[in-house]
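Before any comments, here is the structure.
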There are 2 protein chains.
Amino acid sequence: MPTPAKPTRLTPVHSELATMLAQCGLKVTRPRLAVLKIFKNSTHPISVQEVAAALPSLPTIQASPPINSVTIYRVIDSFRQKGLIREVNLRHGHLDYEIIEHLDDHHHIVCTSCGLVEDFYGCGATSLIRTAIKNSRNFATVNEHTVELFGLCRKCISL
Amino acid sequence: MPTPAKPTRLTPVHSELATMLAQCGLKVTRPRLAVLKIFKNSTHPISVQEVAAALPSLPTIQASPPINSVTIYRVIDSFRQKGLIREVNLRHGHLDYEIIEHLDDHHHIVCTSCGLVEDFYGCGATSLIRTAIKNSRNFATVNEHTVELFGLCRKCISL
DNA sequence: ATTCTAAATGCAAGTTAGTTGCAACAAGTA
DNA sequence: TACTTGTTGCAACTAACTTGCATTTAGAAT
Ligand SMILES: [Mn+2]
Ligand SMILES: [Mn+2]
Ligand SMILES: [Zn+2]
Ligand SMILES: [Zn+2]
């Protein structure tokens, strides 16, 4: 009798990633751990396609069947709903996603010529939000804000 | 002999819309005038689909063959390239576009529950941009910025 | 450990936004 | 008026994203 296939049930990994998922009320699954790891590893916002392209490089994924692209969409959407990641438009022709770190006043400068992305922190939105609410007819609370700057990087300027 | 179809050649309308197009180096055509009028009339950013849906209401369009959807994409893209409109992400599940008015420090508050959009002006980006550039490794100029606030409108709070 | 159930995944099919190539046409200009 | 080049319409195509459904499995209850 050949050795039967090992059960695929996940061992209860108490990794940081698993904890992040559990704390949001998301079940800890192989696709979610993998996608979350991609976001953790990435230094800049990435698209659904880039997540899909990056997944096969993970050892966990190489060792088992690839993740269906439908699942990638659903995982990313669940992350977004739970506030694990945010959607950002860097005018790269598609939407990107990036992980939301604690105490987040984190934004981007983008080169409109070559697409280079750099982070910056502290946009001073709190006072802006106060006055915006004061002047608003309809709004009383602001929970999130996005700020992106678009310009030219040094390399592209000198071209 | 039945009256022959009038030539469709445009009379040189010296309207504001035509001037805007000409000043950007875009030829003044029926589709461009129509799409630009839609943007002018709109009080909030709209999607490609909304432009397409709004076009048939214009008298100029009713009086002649409808505008092909490929043309709508191309017109909107030409407007964006020339800086007539900007792309904004209000997290409505698609990208929106709105006309760029002169001296533009114009942004939005969006209700994450019902999608309501309100404008606000003056985000104080100039000082932010200065410090962002000062702290940046790669960037020396910033030409554009986006700021969007996301919260709950009064109606949705009380639900 | 075993059982149970709601949630997550994979697969296949479908939808639809958006693109491309090309021929016909028309805006701007001489 | 004629010319040239950018624009439009059409048809075909591509690829992103969605949906329905059967199967599997994580997490909790027993
Ligand atoms: Mn970032
Ligand atoms: Mn606006
Ligand atoms: Zn650059
Ligand atoms: Zn609302």
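First the proteins, then the strands, lettered A, B, ... as listed; each starts at 1. Computed from a predicted model, the values in this text were never measured in an experiment.
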Please go through Ile100(A)'s hydrophobic cluster and name the other residues, only I, L, V, M, F, W, Y counting, with side-chain heavy atoms under 4.5 Å joining them. none
When every nucleotide of nucleotides 8-17 of chain D is labelled 5' to 3' by its protein contacts under 4.0 Å (heavy atoms), B for base, S for sugar-phosphate only, - for none, what sequence of letters results? BBBB----SB
Atom-to-atom span, [atom1] of [X] to [atom2] of [N] - whole angstrom:
| X | N | atom1 | atom2 | result |
| --- | --- | --- | --- | --- |
| Leu21(A) | dT25(D) | CG | P | 18 Å |
| Ile76(A) | dA8(C) | CD1 | P | 15 Å |
| Leu55(A) | dG10(C) | CG | P | 11 Å |
| Lys27(A) | dC4(C) | NZ | C1' | 11 Å |
| Leu26(B) | dT29(C) | CG | C1' | 17 Å |
| His94(B) | dT18(D) | NE2 | C1' | 17 Å |

For Tyr121(A), give me all partners under ring pair (Phe, Tyr, Trp, His ring centres under 6.0 Å), at least two apart in sequence or on another chain. His106(A)
Who pairs with Phe120(B) by ring pair (Phe, Tyr, Trp, His ring centres under 6.0 Å), at least two apart in sequence or on another chain? His107(B)
Determine which pairs satisfy salt bridge (charged side-chain N to carboxylate O under 4.0 Å, His left out) with at least one residue from residues 91-102 of chain B, sequence neighbours left out, and list them in order. Glu144(A)-Arg91(B), Arg86(B)-Glu98(B)
In degrees rounded to 10°, what angle is found between the helical axes fit to the five outermost pairs at each end of the helix from dA1(C)-dT30(D) to dA30(C)-dT1(D)? 50°
Between Glu118(B) and Asn138(A), is there a donor-acceptor pair closer than 3.5 Å when you use the side chain of the first and the backbone of the second? yes
Got a list of side-chain donor-acceptor pairs under 3.5 Å for residues 147-159 of chain A, not counting sequence neighbours?
residue   : atom : partner   : partner atom : Å
Glu148(A) : OE1  : His108(A) : N            : 3.4
Glu148(A) : OE1  : His108(A) : ND1          : 3.0
Arg154(A) : NE   : Arg137(B) : O            : 3.1
Ser158(A) : OG   : Arg154(A) : O            : 3.2
Ser158(A) : OG   : Lys155(A) : O            : 3.0

Selection residues 31-46 of chain A - residue pairs positive for side chain to side chain donor-acceptor pair (under 3.5 Å), sequence neighbours left out: Glu16(A)-Lys40(A)
N/O donor-acceptor pairs under 3.5 Å from side chains in residues 50-58 of chain B, not counting sequence neighbours:
residue  : atom : partner  : partner atom : Å
Glu50(B) : OE1  : Ser47(B) : N            : 2.7
Glu50(B) : OE1  : Ser47(B) : OG           : 3.2
Ser57(B) : OG   : Ala54(B) : O            : 2.6

